[in-house]
There are 2 protein chains.
Amino acid sequence: MAYRETPAVRRRLDAARDRLVAEATDVVAEVGWAGASVTAVAAAAGMSAGSVYQHFSSKAALAVEVFRRASGREVEVLGEVLRDGGGDPVERLAHGVEVFARRAMERRGLAYALLAAPADPAVGAERLEYRRRYRALFAEVVREGVAAGLLPEQDPGITAAALTGAIGEILVDPLVDPSDAAERLVAELRALSLRCAGASPAPA
Amino acid sequence: MAYRETPAVRRRLDAARDRLVAEATDVVAEVGWAGASVTAVAAAAGMSAGSVYQHFSSKAALAVEVFRRASGREVEVLGEVLRDGGGDPVERLAHGVEVFARRAMERRGLAYALLAAPADPAVGAERLEYRRRYRALFAEVVREGVAAGLLPEQDPGITAAALTGAIGEILVDPLVDPSDAAERLVAELRALSLRCAGASPAPA
DNA sequence: GTCTATAGAATGATAGAC
DNA sequence: GTCTATCATTCTATAGAC
(Lines give C-alpha, C1' and ligand atoms only; values in the text may rest on other atoms or scores of the structure.)
Protein backbone atom coordinates (compact mmCIF):
# COMPACT_ATOMS: atom_id res chain seq x y z
CA MET A 1 0.00 0.00 0.00
CA ALA A 2 1.22 3.42 -0.89
CA TYR A 3 2.36 5.72 1.87
CA ARG A 4 0.37 8.87 2.52
CA GLU A 5 0.93 11.39 5.27
CA THR A 6 -1.86 11.32 7.85
CA PRO A 7 -2.97 14.23 10.04
CA ALA A 8 -1.34 12.57 13.01
CA VAL A 9 2.00 12.51 11.25
CA ARG A 10 1.58 16.11 10.17
CA ARG A 11 0.89 17.13 13.75
CA ARG A 12 3.90 15.26 15.03
CA LEU A 13 6.13 16.90 12.43
CA ASP A 14 4.79 20.34 13.13
CA ALA A 15 5.23 19.82 16.83
CA ALA A 16 8.82 18.71 16.31
CA ARG A 17 9.49 21.79 14.20
CA ASP A 18 7.95 24.07 16.81
CA ARG A 19 9.97 22.49 19.53
CA LEU A 20 13.11 22.83 17.46
CA VAL A 21 12.53 26.55 16.95
CA ALA A 22 11.66 27.09 20.59
CA GLU A 23 14.72 25.26 21.86
CA ALA A 24 16.92 26.96 19.32
CA THR A 25 15.65 30.29 20.60
CA ASP A 26 16.70 29.38 24.12
CA VAL A 27 20.10 28.25 22.96
CA VAL A 28 20.60 31.48 21.03
CA ALA A 29 19.51 33.48 24.07
CA GLU A 30 22.11 31.69 26.16
CA VAL A 31 25.12 31.37 23.91
CA GLY A 32 24.39 33.73 21.03
CA TRP A 33 24.21 33.05 17.31
CA ALA A 34 27.84 32.05 17.13
CA GLY A 35 27.55 29.43 19.84
CA ALA A 36 24.31 27.95 18.60
CA SER A 37 25.69 25.10 16.52
CA VAL A 38 23.34 22.78 14.71
CA THR A 39 24.51 19.99 16.97
CA ALA A 40 23.82 21.96 20.14
CA VAL A 41 20.41 23.06 18.97
CA ALA A 42 19.47 19.58 17.84
CA ALA A 43 20.54 18.13 21.17
CA ALA A 44 18.44 20.70 23.03
CA ALA A 45 15.45 19.75 20.92
CA GLY A 46 16.11 16.04 21.44
CA MET A 47 16.84 15.20 17.85
CA SER A 48 19.87 14.39 15.77
CA ALA A 49 21.74 17.02 13.80
CA GLY A 50 20.67 15.38 10.57
CA SER A 51 17.01 15.66 11.49
CA VAL A 52 17.24 19.41 11.72
CA TYR A 53 17.47 19.36 7.95
CA GLN A 54 14.07 17.72 7.71
CA HIS A 55 12.66 20.98 8.99
CA PHE A 56 15.01 23.62 7.63
CA SER A 57 17.09 23.67 4.53
CA SER A 58 20.02 25.28 6.29
CA LYS A 59 21.20 26.61 9.58
CA ALA A 60 20.57 30.12 8.31
CA ALA A 61 16.95 29.28 7.55
CA LEU A 62 16.49 28.05 11.09
CA ALA A 63 18.14 31.18 12.44
CA VAL A 64 15.79 33.33 10.40
CA GLU A 65 12.79 31.48 11.78
CA VAL A 66 14.07 31.89 15.33
CA PHE A 67 14.48 35.59 14.71
CA ARG A 68 11.07 35.99 13.11
CA ARG A 69 9.16 34.27 15.83
CA ALA A 70 10.84 36.07 18.68
CA SER A 71 10.75 39.46 17.00
CA GLY A 72 7.18 38.90 15.85
CA ARG A 73 6.11 38.49 19.46
CA GLU A 74 7.73 41.81 20.38
CA VAL A 75 6.16 43.65 17.47
CA GLU A 76 2.81 42.28 18.48
CA VAL A 77 3.13 43.24 22.13
CA LEU A 78 4.39 46.72 21.29
CA GLY A 79 1.64 47.21 18.74
CA GLU A 80 -1.02 46.28 21.24
CA VAL A 81 0.24 48.71 23.85
CA LEU A 82 0.72 51.54 21.38
CA ARG A 83 -2.67 51.08 19.74
CA ASP A 84 -4.93 49.80 22.46
CA GLY A 85 -3.02 50.55 25.62
CA GLY A 86 -5.41 53.24 26.82
CA GLY A 87 -4.67 56.87 27.51
CA ASP A 88 -3.65 59.56 25.09
CA PRO A 89 -1.03 58.95 22.40
CA VAL A 90 1.79 60.30 24.53
CA GLU A 91 0.88 58.07 27.43
CA ARG A 92 0.67 55.10 25.12
CA LEU A 93 4.08 55.92 23.69
CA ALA A 94 5.62 56.14 27.14
CA HIS A 95 3.97 52.93 28.22
CA GLY A 96 5.01 51.12 25.05
CA VAL A 97 8.62 52.07 25.53
CA GLU A 98 8.49 50.89 29.12
CA VAL A 99 6.97 47.55 28.23
CA PHE A 100 9.43 47.00 25.42
CA ALA A 101 12.39 47.84 27.63
CA ARG A 102 11.21 45.65 30.49
CA ARG A 103 10.70 42.69 28.22
CA ALA A 104 14.15 43.17 26.71
CA MET A 105 15.77 43.34 30.12
CA GLU A 106 13.94 40.26 31.29
CA ARG A 107 15.38 38.24 28.43
CA ARG A 108 18.58 40.09 28.01
CA GLY A 109 20.42 37.44 26.02
CA LEU A 110 17.61 37.09 23.54
CA ALA A 111 17.19 40.84 23.23
CA TYR A 112 20.85 41.24 22.45
CA ALA A 113 20.71 38.50 19.83
CA LEU A 114 17.69 40.05 18.19
CA LEU A 115 18.78 43.67 18.33
CA ALA A 116 22.48 43.81 17.79
CA ALA A 117 24.56 40.67 17.98
CA PRO A 118 26.60 39.86 14.90
CA ALA A 119 24.58 37.35 12.94
CA ASP A 120 24.25 35.65 9.61
CA PRO A 121 23.43 38.14 6.83
CA ALA A 122 20.07 36.41 6.38
CA VAL A 123 19.22 37.38 9.94
CA GLY A 124 20.56 40.86 9.24
CA ALA A 125 18.14 41.25 6.37
CA GLU A 126 15.30 40.19 8.62
CA ARG A 127 16.39 42.73 11.20
CA LEU A 128 15.89 45.51 8.67
CA GLU A 129 12.40 44.26 7.98
CA TYR A 130 11.41 44.14 11.62
CA ARG A 131 12.87 47.54 12.32
CA ARG A 132 10.59 48.81 9.60
CA ARG A 133 7.68 47.36 11.53
CA TYR A 134 8.72 49.00 14.78
CA ARG A 135 8.98 52.27 12.94
CA ALA A 136 5.51 51.93 11.50
CA LEU A 137 4.09 51.38 14.97
CA PHE A 138 5.87 54.37 16.47
CA ALA A 139 5.02 56.55 13.49
CA GLU A 140 1.32 55.94 13.99
CA VAL A 141 1.28 56.92 17.64
CA VAL A 142 3.42 60.00 16.96
CA ARG A 143 1.06 61.00 14.17
CA GLU A 144 -1.85 60.72 16.57
CA GLY A 145 0.02 62.74 19.15
CA VAL A 146 0.68 65.53 16.67
CA ALA A 147 -2.91 65.45 15.46
CA ALA A 148 -4.12 65.72 19.05
CA GLY A 149 -1.88 68.73 19.61
CA LEU A 150 0.10 66.89 22.27
CA LEU A 151 3.29 66.86 20.21
CA PRO A 152 4.83 69.61 18.09
CA GLU A 153 4.76 69.48 14.30
CA GLN A 154 7.29 66.93 13.05
CA ASP A 155 7.80 64.20 10.50
CA PRO A 156 6.39 61.16 12.31
CA GLY A 157 8.40 58.79 10.17
CA ILE A 158 11.65 60.39 11.20
CA THR A 159 10.75 60.51 14.85
CA ALA A 160 9.67 56.89 14.64
CA ALA A 161 13.01 55.92 13.13
CA ALA A 162 14.78 57.85 15.87
CA LEU A 163 12.78 56.10 18.57
CA THR A 164 13.46 52.70 17.05
CA GLY A 165 17.16 53.35 16.72
CA ALA A 166 17.52 55.01 20.09
CA ILE A 167 15.68 52.38 22.07
CA GLY A 168 17.52 49.55 20.37
CA GLU A 169 20.89 51.13 20.93
CA ILE A 170 20.22 51.96 24.57
CA LEU A 171 19.06 48.47 25.36
CA VAL A 172 22.03 46.88 23.72
CA ASP A 173 25.25 47.76 25.37
CA PRO A 174 25.56 47.45 29.05
CA LEU A 175 22.05 46.17 29.55
CA VAL A 176 22.80 46.83 33.16
CA ASP A 177 22.50 44.05 35.64
CA PRO A 178 21.40 45.24 39.07
CA SER A 179 17.63 45.39 38.93
CA ASP A 180 17.85 48.76 40.67
CA ALA A 181 19.73 50.20 37.72
CA ALA A 182 17.19 48.53 35.46
CA GLU A 183 14.39 50.66 36.83
CA ARG A 184 16.53 53.75 36.46
CA LEU A 185 17.24 52.78 32.87
CA VAL A 186 13.55 52.37 32.12
CA ALA A 187 12.86 55.79 33.59
CA GLU A 188 15.66 57.41 31.57
CA LEU A 189 14.54 55.66 28.43
CA ARG A 190 10.98 56.79 28.93
CA ALA A 191 12.02 60.38 29.51
CA LEU A 192 14.31 60.33 26.55
CA SER A 193 11.66 58.94 24.24
CA LEU A 194 9.27 61.68 25.22
CA ARG A 195 11.94 64.32 24.66
CA CYS A 196 12.65 62.83 21.25
CA ALA A 197 9.02 63.17 20.30
CA GLY A 198 8.96 66.65 21.76
CA ALA A 199 6.46 65.97 24.52
CA SER A 200 6.41 68.71 27.11
CA PRO A 201 8.53 68.07 30.25
CA ALA A 202 7.22 65.02 32.06
CA PRO A 203 3.62 63.75 32.05
CA ALA A 204 2.96 61.60 35.12
CA MET B 1 71.38 34.40 -1.20
CA ALA B 2 68.26 34.14 0.89
CA TYR B 3 65.35 36.37 -0.04
CA ARG B 4 64.86 39.34 2.18
CA GLU B 5 62.22 41.98 1.71
CA THR B 6 63.64 45.35 0.76
CA PRO B 7 62.01 48.66 1.69
CA ALA B 8 61.04 49.14 -1.93
CA VAL B 9 59.17 45.85 -1.97
CA ARG B 10 57.49 46.72 1.29
CA ARG B 11 56.29 50.01 -0.13
CA ARG B 12 54.95 48.39 -3.25
CA LEU B 13 53.07 45.80 -1.21
CA ASP B 14 51.62 48.42 1.11
CA ALA B 15 50.53 50.51 -1.84
CA ALA B 16 48.83 47.52 -3.44
CA ARG B 17 47.07 46.75 -0.22
CA ASP B 18 45.91 50.32 0.17
CA ARG B 19 44.63 50.38 -3.34
CA LEU B 20 42.83 47.08 -2.79
CA VAL B 21 41.05 48.40 0.28
CA ALA B 22 40.14 51.66 -1.44
CA GLU B 23 38.74 49.93 -4.50
CA ALA B 24 36.93 47.38 -2.38
CA THR B 25 35.32 50.25 -0.52
CA ASP B 26 34.01 51.67 -3.76
CA VAL B 27 32.70 48.30 -4.86
CA VAL B 28 30.94 47.81 -1.54
CA ALA B 29 29.45 51.29 -1.80
CA GLU B 30 28.06 50.45 -5.21
CA VAL B 31 26.87 46.88 -4.91
CA GLY B 32 26.81 46.19 -1.18
CA TRP B 33 28.59 43.50 0.83
CA ALA B 34 26.74 40.71 -0.87
CA GLY B 35 27.70 41.82 -4.35
CA ALA B 36 31.30 42.54 -3.54
CA SER B 37 32.80 39.23 -4.60
CA VAL B 38 36.52 38.71 -4.31
CA THR B 39 36.68 38.54 -8.09
CA ALA B 40 34.91 41.87 -8.55
CA VAL B 41 37.01 43.58 -5.93
CA ALA B 42 40.25 42.17 -7.32
CA ALA B 43 39.32 43.28 -10.83
CA ALA B 44 38.61 46.80 -9.60
CA ALA B 45 42.01 46.90 -7.93
CA GLY B 46 43.71 45.53 -11.03
CA MET B 47 44.87 42.29 -9.52
CA SER B 48 43.90 38.65 -9.68
CA ALA B 49 41.51 37.16 -7.17
CA GLY B 50 44.30 35.01 -5.87
CA SER B 51 46.46 38.01 -5.13
CA VAL B 52 43.83 39.33 -2.76
CA TYR B 53 44.85 36.56 -0.42
CA GLN B 54 48.41 37.87 -0.37
CA HIS B 55 47.03 40.80 1.56
CA PHE B 56 44.13 39.35 3.51
CA SER B 57 43.64 35.91 4.96
CA SER B 58 39.98 35.83 3.99
CA LYS B 59 37.24 37.80 2.35
CA ALA B 60 35.87 38.59 5.78
CA ALA B 61 39.21 40.08 6.86
CA LEU B 62 39.18 42.37 3.84
CA ALA B 63 35.59 43.36 4.59
CA VAL B 64 36.55 44.21 8.15
CA GLU B 65 39.40 46.39 6.94
CA VAL B 66 37.10 48.18 4.50
CA PHE B 67 34.67 48.80 7.32
CA ARG B 68 37.33 49.99 9.74
CA ARG B 69 38.89 52.47 7.40
CA ALA B 70 35.66 53.99 6.25
CA SER B 71 34.12 54.09 9.70
CA GLY B 72 37.35 55.35 11.20
CA ARG B 73 37.22 58.37 8.92
CA GLU B 74 33.68 59.15 10.07
CA VAL B 75 34.56 58.80 13.73
CA GLU B 76 37.48 61.13 13.20
CA VAL B 77 35.48 63.78 11.39
CA LEU B 78 32.67 63.64 13.91
CA GLY B 79 35.11 63.79 16.79
CA GLU B 80 36.78 66.86 15.38
CA VAL B 81 33.53 68.72 14.94
CA LEU B 82 32.19 67.73 18.35
CA ARG B 83 35.42 68.57 20.18
CA ASP B 84 36.96 71.42 18.26
CA GLY B 85 34.13 72.67 16.09
CA GLY B 86 33.75 75.93 17.90
CA GLY B 87 30.72 77.26 19.74
CA ASP B 88 29.10 75.92 22.86
CA PRO B 89 28.49 72.18 23.34
CA VAL B 90 24.95 72.35 22.00
CA GLU B 91 26.07 74.14 18.86
CA ARG B 92 28.83 71.60 18.38
CA LEU B 93 26.35 68.76 18.78
CA ALA B 94 24.01 70.26 16.20
CA HIS B 95 26.87 70.89 13.82
CA GLY B 96 28.28 67.40 14.30
CA VAL B 97 24.96 65.79 13.49
CA GLU B 98 24.65 67.93 10.38
CA VAL B 99 28.10 67.08 9.15
CA PHE B 100 27.61 63.40 9.80
CA ALA B 101 24.28 63.35 8.00
CA ARG B 102 25.56 65.28 5.00
CA ARG B 103 28.52 62.98 4.62
CA ALA B 104 26.27 59.94 4.83
CA MET B 105 23.93 61.31 2.20
CA GLU B 106 26.79 62.16 -0.11
CA ARG B 107 27.97 58.59 -0.08
CA ARG B 108 24.66 56.91 0.46
CA GLY B 109 25.68 53.44 -0.65
CA LEU B 110 28.68 53.40 1.61
CA ALA B 111 26.70 54.79 4.52
CA TYR B 112 24.12 52.07 4.14
CA ALA B 113 26.80 49.39 4.00
CA LEU B 114 28.49 50.74 7.11
CA LEU B 115 25.39 51.41 9.16
CA ALA B 116 22.87 48.76 8.43
CA ALA B 117 23.31 46.45 5.48
CA PRO B 118 23.39 42.75 6.28
CA ALA B 119 27.02 41.79 6.48
CA ASP B 120 29.39 39.09 7.59
CA PRO B 121 29.31 38.60 11.37
CA ALA B 122 32.90 39.81 11.56
CA VAL B 123 31.74 43.13 10.16
CA GLY B 124 28.82 43.04 12.55
CA ALA B 125 31.21 42.75 15.48
CA GLU B 126 33.15 45.71 14.20
CA ARG B 127 29.95 47.69 13.91
CA LEU B 128 29.36 47.26 17.62
CA GLU B 129 32.84 48.55 18.34
CA TYR B 130 32.45 51.64 16.20
CA ARG B 131 29.03 52.41 17.62
CA ARG B 132 30.73 52.43 20.99
CA ARG B 133 33.07 55.08 19.66
CA TYR B 134 30.26 57.25 18.34
CA ARG B 135 28.62 56.98 21.70
CA ALA B 136 31.75 58.05 23.51
CA LEU B 137 31.98 61.14 21.33
CA PHE B 138 28.37 62.12 21.84
CA ALA B 139 28.54 61.37 25.55
CA GLU B 140 31.38 63.81 25.99
CA VAL B 141 29.62 66.72 24.31
CA VAL B 142 26.40 66.00 26.19
CA ARG B 143 28.34 65.91 29.44
CA GLU B 144 29.81 69.31 28.64
CA GLY B 145 26.39 70.63 27.75
CA VAL B 146 24.98 69.51 31.06
CA ALA B 147 27.95 70.91 32.96
CA ALA B 148 27.50 74.25 31.20
CA GLY B 149 23.85 74.29 32.17
CA LEU B 150 22.75 74.22 28.55
CA LEU B 151 21.17 70.80 28.84
CA PRO B 152 19.02 69.34 31.63
CA GLU B 153 20.37 66.72 34.02
CA GLN B 154 20.57 63.36 32.26
CA ASP B 155 22.73 60.29 31.89
CA PRO B 156 25.07 61.34 29.06
CA GLY B 157 25.83 57.74 28.18
CA ILE B 158 22.18 56.98 27.58
CA THR B 159 21.58 60.10 25.57
CA ALA B 160 24.69 59.35 23.54
CA ALA B 161 23.42 55.86 22.81
CA ALA B 162 20.08 57.32 21.79
CA LEU B 163 21.72 59.81 19.45
CA THR B 164 23.87 57.11 17.90
CA GLY B 165 20.95 54.78 17.36
CA ALA B 166 18.57 57.48 16.21
CA ILE B 167 20.90 59.05 13.68
CA GLY B 168 21.92 55.70 12.26
CA GLU B 169 18.37 54.54 11.91
CA ILE B 170 17.14 57.74 10.32
CA LEU B 171 19.92 57.77 7.77
CA VAL B 172 19.31 54.20 6.82
CA ASP B 173 15.96 53.61 5.33
CA PRO B 174 14.73 55.79 2.58
CA LEU B 175 17.82 57.97 2.53
CA VAL B 176 15.73 60.21 0.39
CA ASP B 177 16.91 61.08 -3.05
CA PRO B 178 15.84 64.57 -4.11
CA SER B 179 18.48 66.89 -2.72
CA ASP B 180 15.68 69.18 -1.59
CA ALA B 181 14.38 66.52 0.73
CA ALA B 182 17.95 65.95 1.86
CA GLU B 183 18.15 69.43 3.34
CA ARG B 184 14.81 68.92 5.02
CA LEU B 185 16.09 65.64 6.46
CA VAL B 186 19.19 67.31 7.84
CA ALA B 187 17.05 69.98 9.46
CA GLU B 188 14.70 67.42 11.00
CA LEU B 189 17.59 65.33 12.20
CA ARG B 190 19.24 68.32 13.78
CA ALA B 191 16.05 69.37 15.54
CA LEU B 192 15.41 65.86 16.71
CA SER B 193 18.90 65.43 18.10
CA LEU B 194 18.57 68.59 20.10
CA ARG B 195 15.18 67.51 21.44
CA CYS B 196 16.73 64.15 22.41
CA ALA B 197 19.38 65.91 24.41
CA GLY B 198 16.77 68.20 25.91
CA ALA B 199 18.10 71.42 24.41
CA SER B 200 15.59 74.24 24.62
CA PRO B 201 13.53 74.86 21.44
CA ALA B 202 15.87 75.86 18.61
CA PRO B 203 19.21 77.60 18.95
CA ALA B 204 20.01 79.48 15.73
C1' DG C 1 5.16 -3.57 0.34
C1' DT C 2 6.30 1.02 -0.12
C1' DC C 3 7.56 5.30 1.39
C1' DT C 4 9.40 8.54 5.11
C1' DA C 5 11.62 10.28 9.09
C1' DT C 6 15.33 9.60 11.84
C1' DA C 7 19.81 8.61 13.91
C1' DG C 8 24.26 8.37 13.23
C1' DA C 9 28.32 8.20 10.56
C1' DA C 10 30.94 10.17 6.47
C1' DT C 11 32.64 14.34 4.25
C1' DG C 12 34.86 18.49 3.48
C1' DA C 13 36.02 22.89 5.25
C1' DT C 14 37.88 25.85 8.93
C1' DA C 15 39.92 27.19 13.05
C1' DG C 16 42.74 26.58 17.05
C1' DA C 17 46.16 24.12 19.76
C1' DC C 18 50.55 22.89 20.12
C1' DG D 1 53.75 24.82 10.32
C1' DT D 2 51.15 20.32 11.54
C1' DC D 3 47.58 18.15 13.95
C1' DT D 4 43.22 17.98 15.98
C1' DA D 5 38.64 19.31 17.03
C1' DT D 6 34.56 21.04 15.52
C1' DC D 7 31.40 22.70 12.37
C1' DA D 8 27.65 22.46 8.60
C1' DT D 9 25.97 19.54 5.52
C1' DT D 10 25.22 15.06 3.08
C1' DC D 11 24.82 10.17 2.96
C1' DT D 12 23.15 5.68 4.44
C1' DA D 13 20.79 2.29 6.70
C1' DT D 14 16.96 1.28 9.64
C1' DA D 15 12.72 1.61 12.13
C1' DG D 16 8.20 2.76 11.65
C1' DA D 17 4.04 4.69 9.43
C1' DC D 18 0.83 3.61 5.99
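Here is how names work: the chains are called A, B, and so on, in the same order as the sequence lines, proteins then strands, and each is numbered from 1. Only this structure's heavy atoms are used, side chains among them; waters, hydrogens and symmetry mates stay out.
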J.: If only side-chain N and O atoms of A/R12 are considered, is one of them under 4.0 Å from the OP1 or OP2 phosphate oxygen of C/dT6?
T.: yes

J.: What is the distance from CZ of A/R10 to C1' of C/dA5, rounded to the nearest Å?
T.: 12 Å

J.: Only pairs at least two apart or in different chains count here, so list each salt bridge (charged side-chain N to carboxylate O under 4.0 Å, His left out) that has a residue in residues 118-127 of chain A.
T.: A/R68-A/E126

J.: Check ring-ring contact (aromatic ring centres under 6.0 Å, His included) between B/F67 and all other residues, then give those that pass, not counting sequence neighbours.
T.: B/Y130

J.: Scan for salt bridge (charged side-chain N to carboxylate O under 4.0 Å, His left out) pairs involving residues 72-85 of chain B, sequence neighbours excluded, and state none if there are none.
T.: B/E74-B/R103

J.: Ion pair present between B/R92 and B/D88, side-chain N to carboxylate O less than 4.0 angstrom?
T.: no

J.: Not counting sequence neighbours, list each pair that qualifies as a salt bridge (charged side-chain N to carboxylate O under 4.0 Å, His left out) and has a residue in residues 58-67 of chain A.
T.: A/R17-A/E65, A/E65-A/R69

J.: Can you give each donor-acceptor pair under 3.5 Å made by side-chain atoms of residues 20-30 of chain A, sequence neighbours left out, with the distance rounded to 0.1 Å?
T.:
from  : atom 1 : to     : atom 2 : distance (Å)
A/E23 : OE2    : A/R19  : NH1    : 3.2
A/T25 : OG1    : A/V21  : O      : 2.7
A/D26 : OD1    : A/R107 : NH2    : 3.2

J.: If I take atom CG in residue A/L13 and atom C1' in nucleotide D/dG16, what distance separates them, rounded to the nearest angstrom?
T.: 13 Å

J.: Nearest whole angstrom, please: distance from the C1' of D/dG16 to the CD of A/Q54.
T.: 14 Å

J.: Just by protein heavy atoms under 4.0 Å, how would nucleotides 2-10 of chain D read 5' to 3' in B, S and -?
T.: -----SSBB

J.: Would you say A/S51 places a side-chain N or O within less than 4.0 Å of OP1 or OP2 belonging to C/dT6?
T.: no

